Amino acid sequence: MTIKLNKEEKVEKLVELFSENYPEPGTALKHKSSFELLIATILSAQTTDVQVNKVTKELFKKYNTPQDLLKLSQKELEKKINSIGLYRNKAKYILKTCRILLDEFKGKVPETRKELLKLSGVGRKTANVVLANAFSKAAFPVDTHVFRVSERLGLSSGKNVDQTEKELTELIPKKYWIDFHHWLIDHGRAICKAQNPDCENCFASHLCRYYQNK
DNA sequence: AACTCGGGGCA
DNA sequence: TGCCCAGAGTT
């Protein structure tokens, strides 16, 4: 049983389905200052919101500016975040980023992609997350899950990251960017896995290109 | 373009 | 118990 829809209609349907099945997307990034959002996003590489929340909840109680975090040595910061993976690198990136924020950006998180990419531990995905979440700007953030799941659903071509970013930026209404990003990630983990996607238990299979061509 | 970081999730 | 990973920097 499949339904034919154009992409825009499909997005609307998916918004309904995703919001029912994943009611609280992006818990690690919501209700944060642009600085806390930046740090939480750097920490989120190769791990989950749940893991990031464990660390940031305590960390941001006392340290919520670049000046605050720079009071910590790298070892001290490592100890505060060592329950998540890649913590040595992340501690190093974060302290370096705080230093750059103070030296070059007057302690404030910059609002352009070019400037964000000067920070340590910030690549195209992290830059887009910050721009979209904190400043409602720029492009839809694309990571491996977003790339794969949006291609399977037929929302993007799957050609490359540049093209996918462009396609989703045009297709997804801006008001849905933040939630949609997290929905695609949640879905990519739980059901639409890279290997052996669990299509039998997928609530969106009736409008999925991948499933139809299976 | 390949390698590295890393604790947690899951088979 | 081993395999894989919600990226980015380094070589």
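Labels below follow one simple rule: chain letters A, B, ... track the order of the sequence lines, proteins then strands, and each chain is numbered from 1. Please read these numbers as outputs of a predicted model, since none were measured by experiment.
Among pairs with a residue in residues 180-209 of chain A, those fulfilling salt bridge (Lys or Arg N to Asp or Glu O under 4.0 Å) read A:E151-A:R209, at least two apart in sequence or across chains. Here side-chain hydrogen bond (donor to acceptor under 3.5 Å, both in side chains) pairs that include residues 14-27 of chain A, with residues two or more places apart or in two chains, are A:Y22-A:H187, A:T27-A:N53. Under the side-chain hydrogen bond (donor to acceptor under 3.5 Å, both in side chains) criterion, the residue pairs touching residues 77-89 of chain A are A:Q74-A:E78, with sequence neighbours excluded.
Residues meeting the side chain to side chain contact (heavy atoms under 4.5 Å, CB included) test with A:D68, sequence neighbours left out: A:Y63, A:N64, A:T65, A:K71. Residues satisfying the side chain to side chain contact (heavy atoms under 4.5 Å, CB included) test with A:P110, not counting sequence neighbours, are A:L101, A:F105, A:E115, A:L116, A:L119. Scored by the side chain to side chain contact (heavy atoms under 4.5 Å, CB included) test, A:D143 finds A:K125, A:H145, A:V146, A:H181, A:I185 as partners (sequence neighbours excluded). Every residue meeting the side chain to side chain contact (heavy atoms under 4.5 Å, CB included) condition with A:K96, not counting sequence neighbours, appears here in chain and number order: A:I100, A:S120.
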Under 3.5 Å, which N/O atoms of the protein pair with N/O atoms of nucleotides 1-3 of chain C?
none

Where do N or O atoms of nucleotides 8-11 of chain C meet protein N or O atoms at under 3.5 Å, pair by pair?
residue : atom : partner : partner atom : Å
C:dA8   : OP1  : A:G123  : N            : 3.0
C:dA8   : OP1  : A:T126  : N            : 2.9
C:dA8   : OP1  : A:T126  : OG1          : 2.5
C:dA8   : O5'  : A:G123  : N            : 3.4
C:dG9   : OP1  : A:G121  : N            : 2.8
C:dG9   : O4'  : A:Y93   : OH           : 3.1

Close N or O pairs between protein and nucleotides 8-11 of chain B (under 3.5 Å):
none

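Between A:I94 atom CD1 and B:dC5 atom P the separation is 18 Å, expressed in whole Å. Atoms CG (A:L38) and P (C:dG7) sit 16 Å apart, rounded to a whole Å. When the P atom of B:dC5 is taken as reference, atom CG of A:L86 falls 10 Å away, rounded to whole Å.
For the P atoms, the distance linking B:dC3 with C:dC4 amounts to 15 Å, nearest Å. Between C:dT11 and B:dG6, the two P atoms lie 15 Å apart (nearest whole Å).
Nearest heavy atom pair, residue A:L171 against residue A:L155, reads CD2-O, 3.6 Å.
Sorted by residue number, the members of residues 136-159 of chain A with any non-hydrogen atom under 4.0 Å from DNA chain C read A:D143, A:T144, A:H145. Within residues 15-30 of chain A, no residue has any heavy atom closer than 4.0 Å to DNA chain C.
Checked against A:Q163 for a side-chain hydrogen bond (donor to acceptor under 3.5 Å, both in side chains), the options A:E167, A:E165, A:K159 give a single hit: A:E167. Exactly one residue among A:D49, A:D179, A:N133 makes a side-chain hydrogen bond (donor to acceptor under 3.5 Å, both in side chains) with A:K30. That residue is A:D179.
Side-chain contact annotation: A:K54 with A:Q51, donor-acceptor N/O pair under 3.5 Å present.
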